[in-house]
Every structure is written in C-alpha cells, then in structure tokens.
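Notes follow the structure.
Read the numbers this way: they start at 1 and go in the same order the structure lists the ligands and their atoms.
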Amino acid sequence: MKDHYVIVGAGQVAAQTLDSLRRGGHTGQVTIIGDEAEIPYQRPPLSKKFLAGELAVERLYVKPATFYVHPNTELRLGVRAEQLDISRKTVSLSDGDELLYERLLLATGTTPRKITVPGNDLAGVHYLRSVADVDRIRAELPTVEHVVVIGGGYIGLEVAATCRQLGKKVTVLEMADRVMNRVVAPEISTFYAEAHAKQGVHIHTQALVSAIHASTKNPGRVAAVETLGGQSFPADLVVVGIGVLPVTSLAARAGIACENGIAVDEYCRTSDRDVFAAGDCANHPSLRYGRRVRLESVDNAFEQAKTAAANMLGASQIHDRIPWFWSDQFDLKLLIVGLNFDYDQVILRGDPASNSFSCCYLRGQELLALDCINSPKDYMAAKKLIQDRQHCDLGRLADSSIGLKDTVL
Ligand SMILES: Cc1cc2nc3c(=O)[nH]c(=O)nc-3n(C[C@H](O)[C@H](O)[C@H](O)COP(=O)(O)OP(=O)(O)OC[C@H]3O[C@@H](n4cnc5c(N)ncnc54)[C@H](O)[C@@H]3O)c2cc1C
C-alpha cells in the first residue's frame with residue numbers, strides 16, 4: 001500500500017515515531033504491531049515506583065490511549081510480526097494477516113538474557129522487562145520474606161532497592177568483582193555497594209550462581225539460590241537481571257545486517273533502504289565516539305525515533321547525540337552523560353560521603369563522560385563540554401566549588 005508505514009514493536013520508539021511522522025506531515029496509514037497487551041509505555045518505573053505499587057499502569061503510558069485514535073493509525077496489540085520479506089515489502093503477522101509496507105521501522109527492543117542453571121524454571125524465578133512481569137512479581141511479593149536478585153547491574157540494583165524499601169530481606173548475587181562493572185568506574189561501584197549495605201541489602205560479588213533449588217514442602221517453587229563453591233541463600237522470590245539481548249531475529253531472517261543489534265547507519269537506515277531501526281535493538285555509528293554503539297536508554301529511544309521518522313519521510317538527518325541515562329536507587333539519583341570508552345583516569349568532584357558528587361572520565365585531559373550522583377548542575381554542564389570535545393584543567397576539575405564549565409582549558 002502506498003504511504004503505508006509499519007512500525008514493528010509497540011514501545012517507547014513506536015510512540016515517538018508515530019508522533020514525529022504525524023508532526024512531519026505524514027498523512028498516510030501507520031500501523032504499529034506490538035506483541036504485548038499494553039499500549040506503548042515507559043519501562044523505567046517498572047523497577048522503581050511501579051514495582052513499589054506507587055503508580056497505576058496508566059501513568060506509564062508514553063501517550064494517552066486517545067493519541068492512537070486516528071483514521072489512518074492502527075495499533076495492533078497482542079500480535080507478533082513473524083516474517084519480513086524485503087523483496088515483496090511485506091510483513092506477516094501471528095494472526096495470519098500480511099501487511100504491505102512502503103517503509104518499515106524495526107523497534108523491537110531487547111529481551112532479558114536467560115539464566116541457564118538447573119532450577120531456572122521454578123515458580124518464583126522472574127525476569128523484569130514488562131508490565132506483565134511486574135504484575136507477576138507483585139502478586140507474589142506480599143508473602144515473600146527473602147528476595148534474591150541475580151545480577152548487580154542497574155536493573156538488579158533498582159529492584160533490590162525497591163524490594164528493600166518494601167521491607168524485604170534482599171540479597172544481590174553478582175558474578176563480577178563489583179556491581180555495575182560494565183558501565184561505571186570502581187569508585188562508583190564501591191559507593192553504590194556501600195549505599196546498599198547501609199540500607200541493609202546484602203551484596204555478594206564474585207558470586208556465580210550454579211543452581212536454583214526448590215523447597216521440599218513445595219517442590220515446584222524456589223527456596224534457595226546456590227553459588228559456585230556451595231554457598232546457599234534463602235529465596236522466596238528471585239529476580240534475574242543479568243542483561244538483555246537485542247531482538248534481531250525478524251531482521252536477521254530477512255537478510256538484514258545484524259551485529260550486536262540491527263546494524264543501521266547514521267540515518268537509522270538498515271542494510272535495506274526501506275527498513276529503518278531505532279532504540280534498544282539498533283546498533284548505530286557514534287560519530288562523537290568513533291565506534292558503533294547499541295544503547296539501552298529512553299533518551300536514545302526517543303531521539304533515534306525522531307531521526308528515523310524524519311528520514312522515513314525523506315530527510316537526511318544524522319543521529320549523533322551525546323547519550324544520557326539515569327538510575328534511581330534509594331535517595332540516589334544517578335545521571336550518566338556520555339560514554340566512558342577507553343578512559344585513562346577518573347577525577348571525583350565533591351565528596352562521596354555527602355551523597356552528592358560526580359565522577360569525571362577523561363582520556364588525557366579530554367572529558368568523555370560523567371556520572372553525577374545527586375549533582376544535576378554538573379550533569380547540565382557536562383553535555384556541551386563532552387559534545388565539544390573540551391579539555392579540562394585537571395586540578396580545577398577536582399575542585400567542586402569551581403563550576404564544571406570553568407574548568408575548560
Ligand atoms: C526495568 C527497566 C528499567 C529501565 N530503567 C531505565 C532508566 O532508568 N533510564 C533509562 O534511560 N532507560 C531505562 N530502561 C531502558 C528503556 O526502558 C529502554 O531503553 C526503552 O524502553 C527502549 O525502547 P524501545 O522502543 O527501543 O524498546 P521497548 O520499549 O522494549 O519496546 C519494544 C517492543 O517491541 C516488542 N516486540 C519485539 N519483537 C516484536 C515482534 N516481532 N512483533 C511485535 N512486537 C515485538 C516488544 O515486546 C516490546 O514491547 C529501563 C528498562 C527496563 C526494562
């Protein structure tokens with residue numbers, strides 16, 4: 001069908017792309033295919049306020065339900081896109097339908113990496129990616145005393161903080177030698193481990209889970225988690241947060257180039273000129289950092305969606321943003337701006353004991369990235385400095401009484 005734009009995946013990217021297509025003047029048909037039951041929603045609260053029961057599901061919606069009520073918009077929920085044929089420009093759906101598209105956007109996001117140890121299929125072992133996942137966890141929480149979180153990344157630590165605030169006994173098992181090891185410097189890992197310990201969360205590092213055990217009373221349900229070496233941790237409920245994998249199967253089967261995600265160029269275009277990809281599933285070139293990256297963040301999802309929509313409409317807009325990300329754990333707001341690839345030193349601004357400080361990542365004197373803990377001022381200034389590849393006076397950078405932008409050489 002001429003002018004028919006199809007979006008596969010009804011998440012953050014889909015909602016923004018539809019908005020940008022309409023604002024960009026697209027009056028033709030847009031069909032969004034989503035395999036979940038909900039209209040597009042924000043995932044960040046899932047491990048935070050929504051898990052705590054402080055938000056109704058409607059508060060998660062990226063746009064209200066009325067936003068999708070439009071004569072040329074169709075939101076097909078509970079339906080999977082199963083096959084993409086780029087030569088015929090068709091996509092087949094799980095309900096038997098086949099759609100003809102002019103341009104298609106893959107916004108398929110990620111799926112949790114599964115733990116493969118014995119006992120991984122016991123009742124009470126959960127992952128956390130969707131509203132349905134949280135509904136299942138919340139249904140069990142009232143009768144749960146011990147929660148074991150497998151994985152000390154952002155999601156694991158956020159779940160740990162929320163469950164602790166709900167009064168649960170919480171243990172985090174992390175196989176690396178420090179939490180959040182993939183993304184932050186050791187100084188920040190230490191700070192977060194201590195912050196959790198102060199709140200009563202038990203974090204064990206170098207703790208590789210080897211088995212999940214059932215209870216003798218209820219053989220189908222989790223009772224303990226064992227780590228290599230034989231240590232056992234009581235568990236009435238387990239949340240596994242050991243990373244995610246980009247959802248690429250539809251693209252890969254269609255012959256679209258994939259490598260750690262669906263490979264796109266700086267215009268969000270895949271190896272097929274009429275198929276675009278954006279958000280968590282897309283691996284794109286970062287001009288600022290001189291390498292390909294796949295980002296899992298709301299900001300990236302929204303910004304790439306805007307670029308993809310513009311280019312689906314015929315523009316030649318480049319996506320090259322300084323990424324940012326946040327994480328809320330207890331009363332600590334972490335804002336990360338930039339990517340710290342290949343840093344050779346870190347400089348702390350402020351005193352971690354005050355719970356308000358920043359960690360600057362540098363290569364030589366060039367500022368690459370910042371982790372800002374309860375320090376929004378540094379965060380605000382950092383973006384431009386990083387974008388402009390500014391070099392800083394390291395002595396002044398270490399002095400938090402000097403504004404970040406006044407440290408530029
Ligand atoms: C618990 C949690 C906490 C988070 N916290 C933060 C945070 O604090 N800050 C931050 O910046 N980011 C956070 N994120 C990440 C952020 O939510 C993602 O970056 C964002 O949702 C990506 O949007 P997306 O549209 O690319 O993918 P998604 O929002 O994941 O949407 C993809 C959708 O596509 C569907 N789909 C996949 N394949 C098909 C198919 N073949 N047919 C139909 N539908 C399909 C999926 O089921 C899913 O609904 C968090 C994520 C989670 C899970």
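From the protein, the heavy atom lying nearest to atom 46 (C) of ligand 1 is Asp35 OD1, 3.4 Å. Among protein heavy atoms, atom 49 (O) of ligand 1 sits closest to Glu36 OE2, 2.5 Å. Here the heavy atom of the protein found nearest to atom 34 (O) of ligand 1 is Gly9 CA, 3.1 Å.
With Phe302, Tyr127, Trp326, Phe50 as candidates, the residue nearest to atom 7 (C) of ligand 1 on a non-hydrogen basis is Trp326.
Within ligand 1, counting atoms from 1 as listed, the ones closer than 4.0 Å to a heavy atom of Val298 are 10 (C), 11 (O), 12 (N), 16 (C), 19 (O). Residue Gly279 approaches ligand 1 through these ligand atoms, each under 4.0 Å from one of its heavy atoms: 26 (O). Which parts of ligand 1 touch Gln12 is read off a 4.0 Å heavy-atom cut-off, strictly below it: atoms 20 (C), 21 (O), 23 (O), 25 (O), 29 (O). Counting atoms of ligand 1 from 1 in the listed order, those under 4.0 Å from a heavy atom of Ile155 are 1 (C), 2 (C), 52 (C), 53 (C).
At least one donor-acceptor pair closer than 3.5 Å links the side chain of Glu158 to the backbone N or O of Asp328. Remark: the backbone N or O of Arg294 is not paired with any side-chain donor or acceptor of Asn283 at under 3.5 angstrom.
Remark: of the listed residues Asp35, Asp97, Asp95, Asp35 is the sole one forming a salt bridge (charged side-chain N to carboxylate O under 4.0 Å, His left out) with Arg80.
Taking every heavy atom of both residues into account, Phe50 and Val134 meet most closely at CD2-CG1, 3.7 Å.
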